[in-house]
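Just follow the structure's listing: the first ligand is 1, and inside any ligand the first atom is 1.
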Amino acid sequence: MIEENRAALIEARNKLQMAKEEGSDRETATDQEGSDEYESRLSLLEETVREYEVCQIALDCIKSGESSVANDSAISELEGILGQDTVQTTDVGQQLLLLQDQLKQEKVEKKKITENYTSERTMRKKYYNMVEDMKGKIRVFCRIRPANRNEAAQGGVIVVDKIDEFSVTIDTPRGQREFQFDKVFSAEASQEDLFHDTNRLIQSTIDGYNVCIFAYGQTGSGKTFTMVGDKEQKNPGLMPRSFNAIFDIIRENSSKFDFKVSAYMLELYNDRLQDLFVSQAGEAHAQTQSHGQARRVEIKRNRKGVVFAQGAETKEASSAQELYALFQQACANRHISATKMNVESSRSHLIVGIRVESKNLTNGSVSTGKLSLVDLAGSERAAKTGAKDHQLKEANSINKSLSALGDVISALSAELPHVPYRNSDAGLIGWKRQNSHDRQHLSLRMQS
Ligand SMILES: Nc1ncnc2c1ncn2[C@@H]1O[C@H](COP(=O)(O)OP(=O)(O)OP(=O)(O)O)[C@@H](O)[C@H]1O
């Protein structure tokens, strides 16, 4: 109908144009009767054009009814056309009233849809996160590392056995012991399998929750492999997979939300927090500039109880690739060295904090969630790792902070009124619960 009207409008305008040209060609109005006839034909044609124009605006308005802004401007255009002339047919007036009525209805409809959408979204968030909560605010997964070539060559015996989805047995000098987890991954489990279960927590972060995933275990048990992946990234770990998942969700929702992703990356080395976005050379340079004063990163809590790393640089990323590039930059500044148990042993706890801010384009509300991904340094026995001198100091500091973390986790699991977060920065930054909805995801690891 719109197309038919548009064609008729063009034809009527052409006829009017031709009639006007014909009029200007007439040299003098010799024949009064002919002149009157011409005038009345011209006025008839003008009226026809106006009618088609009004009709066209009305049809366009009805077609673009979802946008009240577009309709409002169309109405003023329509009123403009009608106001240009004193000739206002009842037909056109009725059409305008009808149109205004339709617009009113559409505005009410639009408001209803927006309200429904907002309440549906709130419900989705609520139920989604209720399901996540039912699974437990603290979830402990166990991953069994396959025996490596050295262990096999030395005739190592497998002492860990997965007996079902949730339990393992371990042969100890005092006999076999059984342990329960929220989930157990066997030595054959892939990186993909591991991520499958944590993937859902990324949605919670985007929904405005604070999520913490960390790997805990003995040195060489595969924490870095699980969190980061192998060096060549043929088997990417939870961190790069999470970066991709964040931006996948962002892409899917880009028509409804405006997102902002920013990150800080720190390491806790020898009880001191270091900003991994600043290299040691950069830090030394900054220290000279500030007359010997070292830049300090400190863990603070704001008035709302939200934990943040004061003094740490935060960088924005607009894609998973950008976030990964920032991560690589941070990893290059991390403390790693060889021990007897791991050729690339992490000598510090790595803390990656990703903040996702989302602005709802429908109602303007803003929510912020944080995903903390932590690769802890491994607990170790100096006798086994061969740690001496500064490595021994590192090991003592690692063991001390892990023991403080153990106290935090025990207190949280037992729901004790006092949780000793303050005993260690590590206990505070990664897994301090920032509100009642937060959830931690603990990956405990074992070696076969
Ligand atoms: N599931 C696995 N499959 C194959 N190789 C693995 C697996 N887990 C760990 N590895 C390998 O075992 C070695 C030790 O793993 P990793 O460095 O991740 O241990 P870690 O627990 O982070 O140690 P540390 O606490 O000393 O840093 C690495 O060479 C890693 O590639």
Side-chain angles (χ1 to χ4, degrees), residues 140-154 156 158-162 168 181 183-198 213-241 265-270 276 327 330-352 373-388 390-403 405-406 426 430 442-448:
V140 186
F141 290 0
C142 166
R143 183 181 196 181
I144 302 169
R145 170 172 70 68
N148 61 32
R149 256 190 249 147
N150 271 353
E151 287 159 343
Q154 286 164 10
I158 312 269
V159 293
V160 188
D161 188 24
K162 173 183 169 182
V168 292
F181 298 95
K183 186 148 183 158
V184 174
F185 292 94
S186 70
E188 288 74 41
S190 66
Q191 300 282 70
E192 178 79 50
D193 296 335
L194 256 283
F195 185 65
H196 185 259
D197 241 79
T198 45
I213 303 174
F214 64 92
Y216 184 98
Q218 187 187 307
T219 178
S221 56
K223 299 179 296 296
T224 305
F225 183 82
T226 299
M227 295 303 290
V228 182
D230 58 341
K231 252 196 171 155
E232 300 76 29
Q233 286 293 292
K234 284 186 185 146
N235 291 297
L238 291 183
M239 291 191 188
R241 285 173 196 268
M265 303 193 188
L266 309 171
E267 75 170 349
L268 185 61
Y269 177 68
N270 281 347
L276 290 174
F327 175 67
C331 285
N333 293 327
R334 201 181 168 192
H335 284 86
I336 289 170
S337 57
T339 68
K340 272 192 196 167
M341 288 182 73
N342 189 359
V343 283
E344 284 204 15
S345 179
S346 313
R347 312 307 292 158
S348 65
H349 306 305
L350 168 70
I351 300 148
V352 173
L373 299 162
V374 184
D375 178 20
L376 291 170
S379 55
E380 55 187 59
R381 282 199 197 139
K384 275 189 160 186
T385 54
K388 281 189 203 131
H390 85 278
Q391 272 202 350
L392 190 61
K393 189 181 165 221
E394 283 173 354
N396 285 337
S397 161
I398 292 168
N399 287 343
K400 199 175 102 199
S401 62
L402 287 172
S403 147
L405 172 63
L442 172 71
S443 166
L444 185 70
R445 316 184 42 74
M446 291 183 174
Q447 285 173 253
S448 44

Query raised in the report: What pairs with Asp161 under side chain to side chain donor-acceptor pair (under 3.5 Å), at least two apart in sequence or on another chain?
Result: none

Subset of ligand 1 atoms that lie under 4.0 Å from at least one heavy atom of [X]:
X      : result
Pro146 : 1 (N), 2 (C), 3 (N)
Gln218 : 21 (O)
Arg145 : 7 (C), 8 (N), 9 (C), 10 (N), 12 (O)

When only distance counts, is [X] in polar contact with ligand 1, meaning an N/O pair under 3.5 Å?
X      : value
Leu376 : no
Thr224 : yes
Lys223 : yes
Gly220 : yes

Query raised in the report: Would you say Phe181 and Val168 make side-chain contact, with heavy atoms under 4.5 Å?
Result: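 Yes, their side chains come closer than 4.5 Å.
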
Query - Modelled atom types, side-chain donor and acceptor of Ser186 and Glu188, under 3.5 Å - result: yes

Query raised in the report: Given the rule in the side chain to side chain contact (heavy atoms under 4.5 Å, CB included) test, do Leu194 and Thr226 qualify, once you have shown the distances and angles that lead to the verdict?
Result: CA-CA 8 Å; Leu194 256 283; Thr226 299; 4.0 Å; yes

Query raised in the report: Taking non-hydrogen atoms only, is Ala189 closer than 4.0 angstrom to ligand 1 via side chain, backbone, both or neither?
Result: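 Neither part.
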
Query raised in the report: Distance from Met265 atom CE to Ile351 atom CD1, nearest 0.5 Å?
Result: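 Going from CE on Met265 over to CD1 on Ile351, the span is 12.0 Å.
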
Query raised in the report: To the nearest 0.5 Å, what is the distance between NZ (Lys183) and NE2 (His196)?
Result: 8.0 Å

Requested in this report: Measure from atom 5 (N) of ligand 1 to every heavy atom in Phe185, Tyr216, Phe225 and give the option owning the shortest one.
Outcome: Phe225

Query raised in the report: Hey, does Arg143 sit under 4.0 Å from ligand 1 if you only count heavy atoms?
Result: yes

Query raised in the report: ring pair (Phe, Tyr, Trp, His ring centres under 6.0 Å) with Phe185: which residues, sequence neighbours excluded?
Result: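 Testing Phe185 for ring pair (Phe, Tyr, Trp, His ring centres under 6.0 Å), a comparison that skips the adjacent residues, returns Phe141.
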
